[in-house]
Amino acid sequence: MTDLWPVEDRNWEMSLGLAGYLRAVADAVGVPAEGTTFEISDTATAYVALARRWSARPSRDLMLVWSERTGWAVSVETDPAEAPITIARLHGDPLPKPETVARFVADAVDHRRGGAQSPAAPTPSTRAVLARGLARYIT
């Protein structure tokens, strides 16, 4: 069995890397840092408040969310008691380049075919692999 978590706690390194990655993604989609947040607990997650609206729900805000388990998704913001409405999910690489994420968001919001990616599951990643991928974004 492979170790899913290194012996030493790597949360600090992941936090620095995820903060840098999230800044790069936010820059690519045109959102200021104040419109982002992330958390690392049993699952690393990130949130970007998008400035665009979706024509199918023009009265609702859109969000770009990321999870180490499910990758990036564009969703409609809902009331706390409601489940988010996911309009597109980007599968594959758990840490795609920020430019790839920006293209995915534009395609999803504009209803272009590229917005909804293949139904394949995201590429699984261990925390150690994720930490190494995020390390390039530490500034």
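The figures here come from the full heavy-atom set of this structure, side chains too, leaving out hydrogens, waters and symmetry mates. Positions are given from 1, in the same order as the sequence printed here.
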Inset, instruction - List in chain and number order the residues that pass side chain to side chain donor-acceptor pair (under 3.5 Å) with Trp66, two or more places apart in sequence or in another chain; answer none if no residue qualifies. - result: none
Inset, instruction - With rounding to the nearest 0.5 Å, note down the distance linking CG in Leu50 to OG in Ser75. - result: 9.5 Å
Inset, instruction - Only pairs at least two apart or in different chains count here, so list each salt bridge (Lys or Arg N to Asp or Glu O under 4.0 Å) that has a residue in residues 77-88. - result: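 Of all non-adjacent pairs touching residues 77-88, those that pass salt bridge (Lys or Arg N to Asp or Glu O under 4.0 Å) are Arg60-Glu82.
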Legend entry - same_hphob_cluster(Val65, Val105) at 4.5 Å side-chain heavy-atom cutoff: no
Legend entry - Donor on one side chain, acceptor on other, Thr139 and Arg23, under 3.5 Å: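 Distance-only check passes for Thr139 and Arg23.
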Inset, instruction - Provide the closest heavy-atom pair for Ala44 versus Arg127 in the form atom of the first, atom of the second, distance. - result: N-NH2, 3.5 Å
Legend entry - Passing option when Leu64 is tested against Leu22, Val74, Val109 for side chain to side chain contact (heavy atoms under 4.5 Å, CB included): Val74
Inset, instruction - Assess whether salt bridge (Lys or Arg N to Asp or Glu O under 4.0 Å) is satisfied between Asp110 and Arg52, documenting all intermediate values. - result: CA-CA 10 Å; Asp110 294 338; Arg52 300 183 65 188; 2.5 Å; yes
Inset, instruction - Report the distance from atom CG of Leu134 to atom CD1 of Ile40, rounding to the nearest 0.5 Å. - result: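 So the gap between those two atoms works out to 7.5 Å.
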Inset, instruction - Find out if a path of hydrophobic residues (ILVMFWY) with successive side-chain heavy-atom gaps under 4.5 Å connects Tyr21 to Tyr47. - result: no
Inset, instruction - Of all the heavy-atom pairs spanning Ile87 and Ala108, show the shortest one and how long it is. - result: CD1-O, 4.1 Å
Legend entry - Interatomic distance, Thr78 atom OG1 to Met63 atom CE [nearest 0.5 angstrom]: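 One finds 6.0 Å between OG1 of Thr78 and CE of Met63.
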Inset, instruction - Starting at CH2 of Trp72, measure out to OG1 of Thr100 and round the result to the nearest 0.5 Å. - result: 12.0 Å
Legend entry - Main-chain N/O of Ala88 paired to Thr86 side chain as donor or acceptor, under 3.5 Å: no
Legend entry - Minimum heavy-atom distance Glu13-Ala131, with the two atoms named: OE1-CB, 4.1 Å
All N/O donor-acceptor pairs, side-chain side in residues 27-39, below 3.5 Å, sequence neighbours left out:
residue: Thr36; atom: OG1; partner: Ala33; partner atom: O; Å: 2.8

Legend entry - Leu90 versus Pro96, closest heavy-atom pair with distance: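 Nearest pair, atom of Leu90 first, then Pro96: CD2-CG, 3.8 Å.
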Legend entry - Gap between atom CD of Glu68 and atom OG1 of Thr43 - 0.5 Å precision: 5.5 Å
Inset, instruction - Search all heavy atoms of Tyr137 against all heavy atoms of Pro98 and return the closest pair with its distance. - result: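 That would be OH-CD, 3.5 Å.
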Inset, instruction - Rounded to the nearest 0.5 Å, what's the gap from CZ on Arg89 to OG1 on Thr70? Could you check? - result: 4.5 Å
